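Since the structure comes first, as structure tokens, the remarks are kept for the end.
The shown structure was predicted, so the numbers you read here are calculated from the model rather than taken from an experiment. Quick note: residue numbers are just sequence positions, from 1. We count ligands from 1, going down the list as the structure has it; atoms in each ligand are counted the same way.
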Amino acid sequence: MKQDVSEKITSLAKRRGFVFPSSEIYGGAGATWDFGPLGVELKRNVKDAWWRTMVQLRDDVVGLDGAILMHPRVWEASGHVENFTDPLVECRNCRKRFRLDDLPKGEELAAAWRAKKLDLSGVSCPNCGERKLADPRQFNLMFKTFVGPVEDTASIAWLRPETAQSIFVDFENIQQTTRKKLPFGIAQIGKAFRNEITPGNFIFRSREFEQMEMQYFTRPSDAPRFYDEWKETRLAWHVEQGIPREKMRFRDHADDERAHYAAAATDIQFAFPFGWNEFEGIHYRTDYDLRRHSEFSGKNLEYFDDVANERFIPHVVETSVGADRATYAILCAAYDEEPDKEGTRVVLRLRPHLAPYKVAVLPLSKNERLVPLAREVWSKIRPAFMSTYDETQAIGRRYRRQDEIGTPLCVTVDFVSLDDQQVTIRERDSMSQIRVAIADLVPALREKLGA
Ligand code: GAP
């Protein structure tokens, strides 16, 4: 049953133009995805909601859009060249490769490996069943490329595996140009790339994805307090996006499983149809990144506190959520089915601010007297809301089509509208209907959408 919901969401996403496999006519491109006309709206709304909360509504956070390609020394300083690895296990019989923690009882195996007590001799290969798994080797997840025409070690560039590093590298530029005093944050949304060994579960784990990250720079002694505060602030944000509190939980990282930069870390997990999994990480990164960049670049990245007359390297609390994974969690939380007289009504109960279309305009039929008025009504709505128009098929089926993609409101133009210049607003969730004068339509829609 659980698997079933995942399949239904994946199929809906494909059928209705939310998400397609990238390069599908060539057989796909290895865990990369294209967001179609509805998906691009939904994901952009998720990103806009994050930006609004994290930057627009706060006086202590500013934004950045850093370049993806950075100086290669950045990734040596950040520790990614040395440490950004997953343990890769290869079957000596069928040659299939697995991430150690993706094998059956993977968490136990990973813990044994970290404790240097791993024995794979009794573990069967999930592909061929033979007990011929070789000991793990470290596999670096960064994609390597070359800048310029010569492919040598001097021209190596890495596709960033996290957006955070440009925030650290630009820390001084931003602090000086904005004159921000500690504590303050820098937020960024952008692409990240990881050569995942076992991508999967639709858009949950892919090789190219977007992150929404924020680094909060503080005095060292304040960092533990901000770490706790940001955990709660971020959880509350997900609730505002329509994810029920009971479908989320924190999972603190044990000492031996944290990323190389973190002194404390917790995942916000969501109850995906395939199990509890991380979709946001909150990390206490100490002064690790700024200190390493100071060492590697030779540039002193200390902050001067003119009140305390002190110089020190700020500590950082990071919040990092995948835009794709958050979008997936929101889709899962919004997906609903209810019985109706035609069988089953599928409804995406998306919050209005996230819905790809806020309003759909539907003439009762394709009748040549109705269509001009319906189009005129749509032209009034379009500048105010992302909206759509549909005149094909019976009206009941068109309502269902809009329910399935999460459109909160439909506006129906019927024959009476021609005489009384009124239209019907139909709500997705309650399916209730009210009549409104066309002249008052935009404010009435605005009020219903809470926009
Ligand atoms: N800067 C910290 C950092 O990158 P992370 O826990 O490795 O931390 C943060 O990643 C978030 O990025 C994850 O919670 C997830 O939402 C998203 N993410 C990471 N790898 C991903 C992948 N392969 N596909 C999709 N999203 C991914």
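In this structure a side-chain-to-backbone donor-acceptor pair under 3.5 Å is missing from Arg245 to His238.
Counting protein heavy atoms only, atom 24 (N) of ligand 1 is closest to Ser206 N, 3.0 Å. For atom 9 (C) of ligand 1, the closest non-hydrogen atom of the protein is Ser320 OG, 3.0 Å. For atom 6 (O) of ligand 1, the nearest protein heavy atom (residue, atom name, distance) is Glu278 OE2, 2.9 Å. In terms of protein heavy-atom proximity, atom 10 (O) of ligand 1 is nearest to Gln211 NE2, 3.5 Å. For atom 18 (N) of ligand 1, the closest non-hydrogen atom of the protein is Phe209 CE1, 3.5 Å. In this structure, the protein non-hydrogen atom closest to atom 25 (C) of ligand 1 is Phe204 O, 3.2 Å.
At least one heavy atom of Arg285 sits less than 4.0 Å from an atom of ligand 1. Not a single heavy atom of Arg207 sits closer than 4.0 Å to an atom of ligand 1. Within the 4.0 Å heavy-atom cutoff, Tyr328 does not count among the residues contacting ligand 1.
Under the 4.0 Å criterion applied to side-chain N and carboxylate O atoms, Arg258 and Asp255 are assigned as salt-bridge partners. Look at Arg325 and Glu280 and you find no salt bridge, because none of the NZ, NE, NH1 or NH2 atoms lies under 4.0 Å from a carboxylate O. Ion pairing between Arg349 and Glu338 holds under the 4.0 Å rule for side-chain N and carboxylate O. Between Asp48 and Arg44, none of the side-chain N atoms (NZ, or NE/NH1/NH2) sits under 4.0 Å from a carboxylate O, so this pair counts as no salt bridge. In summary, Arg225 and Glu229 engage in a salt bridge, as defined by a charged side-chain N under 4.0 Å from a carboxylate O.
The proximity of Arg325 to ligand 1, defined as any non-hydrogen pair under 4.0 Å, is limited to the side chain.
Heavy-atom proximity to Phe279, at under 4.0 Å, picks out these atoms of ligand 1: 14 (O), 16 (O). When each atom of ligand 1 is checked for a heavy atom of Glu280 under 4.0 Å away, the hits are 14 (O). The contact set between ligand 1 and Tyr261, taken as ligand atoms under 4.0 Å from a residue heavy atom, comprises 2 (C), 3 (C), 8 (O). The ligand atoms of ligand 1 that sit less than 4.0 angstrom from a heavy atom of Gly322 are 11 (C), 12 (O), 15 (C), 16 (O), 17 (C). Annotation for ligand 1: atoms under 4.0 Å from non-hydrogen atoms of His283 are 2 (C), 6 (O), 8 (O).
When the side chain to side chain donor-acceptor pair (under 3.5 Å) test is applied to Asp305, the partners found at least two apart in sequence or on another chain are Arg219. Among residues two or more places apart in sequence or in another chain, the salt bridge (Lys or Arg N to Asp or Glu O under 4.0 Å) test is passed with Glu257 by Arg251.
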Evaluate side-chain contact (heavy atoms from CB on, under 4.5 Å) for Phe98 paired with Cys125, printing each intermediate quantity in order. CA-CA 9 Å; Phe98 308 91; Cys125 168; 3.8 Å; yes
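Tyr216 places a side-chain heavy atom less than 4.5 Å from the side chain of Trp230. Using a 4.5 Å heavy-atom cutoff, the side chains of Phe226 and Phe217 are not in contact.
Of the candidates Arg194, Glu213, Glu318, the one placing a heavy atom closest to atom 5 (P) of ligand 1 is Arg194. Closest to atom 23 (N) of ligand 1 by heavy atom, among Glu210, Glu196, Gln165, Met212, is Glu196.
Of the polar atoms of Arg205, none of the N or O atoms is found under 3.5 Å from an N or O of ligand 1, judged by distance alone.
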